[in-house]
Amino acid sequence: MSMKNQTLISEIFLSGFQNLHNFKIPVFTVFLLIYIMTVWENVLIIMLVSLSRNLQSPMYFFLRQLSLCDLLESSNTAPVLLKTIISDGVTMPLVGCITQLYFTAYSVTFQSFLLAVMSYDRYVAICNPLRYSSIMSHRVCIEIILMSWIISICSTLVTSSLIGTLQFCNQKNINHFFCDLDPLLELSCSDTFFAKTEATLMSIPVVVSPFILICVSYMCIAHAILKIVSNTGRQKAFSTCSSHLAVVSIYYGTLISIYLTPSKNQSQNRSKVLSLMYTVGIPFINPVIYSLRSTDIKKALKMPYK
C-alpha cells in the first residue's frame with residue numbers, strides 16, 4: 001500500500017485488561033497495593049544495605065543493584081497498568097511508548113547481566129572460598145556493575161533508536177498494558193525485518209549468554225556441593241545460593257514462556273498475564289525471597305545501623 005494513502009500516527013492507545021466490569025476497583029486496589037509494597041520493599045533493601053555494616057559483602061552489594069533494577073521496572077510499568085485498569089485504557093504519545101519500551105528492555109538486559117554476576121559470585125564463594133575476598137573485591141564489583149550499566153544502556157538504545165525510525169500508520173491500538181516490542185512492531189507500516197533481526201541478534205549476548213554463564217556456574221556449584229561429605233556442610237553451602245537460584249528460575253522461566261513461545265501458539269491474554277509476572281510480580285517477589293532466606297537481612301531489620 002502506498003504511504004501516501006496512510007495517515008501517520010503520533011499516539012498509541014493501550015487497551016490493557018478489558019471487560020473487568022465490577023472487578024475494576026478490586027483489581028485496581030490489588031495492583032496498587034502490590035506497587036506500594038514493591039516500592040517499600042526495594043527501598044528498604046537499598047537502605048539496609050547502604051546503612052548496615054553487616055551487609056557490605058559483594059552479595060548484598062549486588063542485591064542492592066537488583067533492588068534498584070526492580071524499582072525501575074515496577075515504576076516504569078505499574079503506573080500505566082493502573083491507569084489502563086481504572087480508565088479502560090490509556091492514550092500515550094508514540095515517543096512515550098518507545099521510551100517505556102526502552103526502560104523495559106534496559107531493565108531486562110541489566111537484570112540478566114546482574115543475575116549472571118551474582119551466580120559467579122556464588123560460584124567463587126563456594127568453589128574458591130579462600131580467594132573470594134581478592135577475586136570479588138569492592139573495586140571489581142563496582143567495575144562489573146558499571147560495565148553492566150553501560151552495556152545495557154548502549155544495547156537497548158540501539159534497538160529503541162531503530163524502532164524510532166519506523167513509521168506507524170492508521171492503527172494505533174495495542175492490546176496490552178504496556179508498550180512491548182512485538183505488539184508495537186505489529187503497528188508499524190514500515191519494513192520491520194531489520195528491527196526484528198537486530199532485536200533477536202542483540203538478545204544473544206545480553207540475555208542468552210548470561211543464562212549460559214548462570215547454568216555453567218550452577219553446574220560447578222552442584223559439583224562442589226556433592227563433594228562435601230557432611231549433610232550440614234551441603235545444606236549450608238546450598239543455602240547461600242538458594243535465594244538466587246529461585247530468583248533466576250522465576251525470571252528466566254517467565255521470559256522463556258513469553259518470548260520463546262511462538263506468538264501464534266499463545267493468546268494475547270496469556271501473554272499479558274505472563275508479562276504481569278516479570279513487570280509487576282518479580283519486582284515484588286525478589287525482596288521477599290531474599291529477606292526470608294537471609295539471616296543477615298533479618299538481623300539488619302532489627303539493628304539497621306550496626
Side-chain angles (χ1 to χ4, degrees), residues 11-17 27-28 30-46 63-87 89-115 145 148-164 174-185 187 199 202-203 206-207 247 250-252 254-255 258-259 271-288:
E11 293 181 335
I12 297 293
F13 180 78
L14 298 172
S15 60
F17 293 92
V27 170
F28 175 84
V30 168
F31 283 119
L32 178 61
L33 290 175
I34 290 175
Y35 177 54
I36 292 172
M37 285 297 296
T38 299
V39 173
W40 180 80
E41 290 171 348
N42 284 288
V43 169
L44 180 61
I45 292 289
I46 294 169
L63 178 58
R64 180 171 59 183
Q65 300 300 316
L66 181 63
S67 290
L68 284 169
C69 184
D70 286 338
L71 199 58
L72 173 63
E73 176 60 35
S74 180
S75 298
N76 182 48
T77 54
V80 178
L81 167 64
L82 292 171
K83 194 171 182 180
T84 61
I85 293 172
I86 205 68
S87 304
V90 62
T91 300
M92 62 191 307
L94 178 60
V95 174
C97 187
I98 296 174
T99 302
Q100 186 187 47
L101 173 63
Y102 169 80
F103 282 110
T104 301
Y106 171 75
S107 298
V108 170
T109 302
F110 180 73
Q111 189 159 345
S112 298
F113 283 130
L114 185 58
L115 292 176
I145 289 301
S148 298
W149 281 109
I150 293 171
I151 294 175
S152 300
I153 290 172
C154 294
S155 61
T156 50
L157 188 61
V158 171
T159 303
S160 300
S161 298
L162 278 176
I163 295 174
I174 294 181
N175 185 18
H176 217 311
F177 62 89
F178 77 104
C179 293
D180 204 2
L181 179 62
D182 288 341
L184 184 59
L185 289 179
L187 295 186
M202 189 66 74
S203 69
V206 301
V207 177
V247 169
I250 296 171
Y251 175 74
Y252 272 101
T254 305
L255 286 187
I258 296 173
Y259 295 110
S271 177
K272 285 190 283 188
V273 170
L274 289 171
S275 295
L276 271 177
M277 186 60 190
Y278 87 84
T279 57
V280 178
I282 289 178
F284 172 72
I285 293 172
N286 283 351
V288 175

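Everything numeric here is computed off the predicted structure, so don't read it as measured data. Heavy atoms only: backbone and side chains are in, while hydrogens, waters and symmetry mates are out. We number each residue from 1, following the sequence as shown.
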In sequence, state the C-alpha distance, the side-chain angles, and the governing distance for Asn286 and Gln111, and then conclude on side-chain contact (heavy atoms from CB on, under 4.5 Å). CA-CA 12 Å; Asn286 283 351; Gln111 189 159 345; 3.6 Å; yes
Full working for side-chain contact (heavy atoms from CB on, under 4.5 Å) between Phe177 and Leu276: CA-CA 9 Å; Phe177 62 89; Leu276 271 177; 3.8 Å; yes
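The ring pair (Phe, Tyr, Trp, His ring centres under 6.0 Å) test applied to Phe110 returns Trp149, not counting sequence neighbours. The side-chain contact (heavy atoms from CB on, under 4.5 Å) test applied to Ser67 returns Asn42, Ile45, Ile46, not counting sequence neighbours. Not counting sequence neighbours, Tyr278 has no partner by the ring pair (Phe, Tyr, Trp, His ring centres under 6.0 Å) test. The side-chain contact (heavy atoms from CB on, under 4.5 Å) test applied to Leu157 returns Tyr102, Ser161, not counting sequence neighbours. In this view, Ser74 satisfies the side chain to side chain donor-acceptor pair (under 3.5 Å) rule with no residue, not counting sequence neighbours. For Ile285, the side-chain contact (heavy atoms from CB on, under 4.5 Å) test picks out Ile250, Met277, Ile289, with sequence neighbours left out. Remark: Phe31 pairs with no residue by the ring pair (Phe, Tyr, Trp, His ring centres under 6.0 Å) rule, at least two apart or across chains. Residues satisfying the side chain to side chain donor-acceptor pair (under 3.5 Å) test with Tyr252, not counting sequence neighbours, are none. In this structure Leu162 satisfies the side-chain contact (heavy atoms from CB on, under 4.5 Å) test together with Phe194, Glu198, sequence neighbours excluded. With sequence neighbours left out, the ring pair (Phe, Tyr, Trp, His ring centres under 6.0 Å) criterion links Phe13 to no other residue.
Counting only distance, with no hydrogens or angles, the side chain of Ser75 and the backbone of Leu72 share no donor-acceptor pair below 3.5 Å.
By the 4.5 Å heavy-atom criterion applied to side chains, Thr109 and Phe113 are counted as neighbours. With a 4.5 Å cut-off on side-chain heavy atoms, His176 and Ser15 do not count as touching. Between Leu114 and Ile145 there is a side-chain heavy-atom pair separated by less than 4.5 Å. Two residues are said to be in side-chain contact when any heavy atoms from C-beta on lie closer than 4.5 Å; Val280 and Tyr35 fail this criterion. Residues Leu181 and Leu185 form a side-chain contact, since some pair of their non-hydrogen atoms from C-beta on lies under 4.5 Å apart. Under the 4.5 Å side-chain criterion, counting only non-hydrogen atoms from C-beta, Asp70 is not in contact with Gln65.
Atoms CG and OG, on Leu71 and Ser107 in that order, are 10.0 Å from each other to the nearest 0.5 Å.
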Identify each donor-acceptor pair in which a side-chain atom of residues 89-101 lies under 3.5 Å from a protein atom, sequence neighbours left out, and give them as a table.
residue, atom, partner, partner atom, Å
Thr99, OG1, Val95, O, 2.7
Gln100, OE1, Cys179, N, 2.9
Gln100, NE2, Asn76, O, 3.0

Determine all donor-acceptor pairs shorter than 3.5 Å in which one atom belongs to a side chain in residues 77-86; sequence neighbours excluded.
residue, atom, partner, partner atom, Å
Thr77, OG1, Glu73, O, 3.1
Thr84, OG1, Leu81, O, 2.6

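Annotation: cation-pi pair Lys272/Phe17 present, NZ/CZ under 6.0 Å from the ring centroid and within 45° of its normal.
Nearest heavy-atom pair, Asp180 versus Ser275, reported as atom, atom and distance to 0.1 Å: OD2-OG, 4.5 Å. Nearest heavy-atom pair across Tyr251 and Leu115 is CD2-CD1, 3.4 Å.
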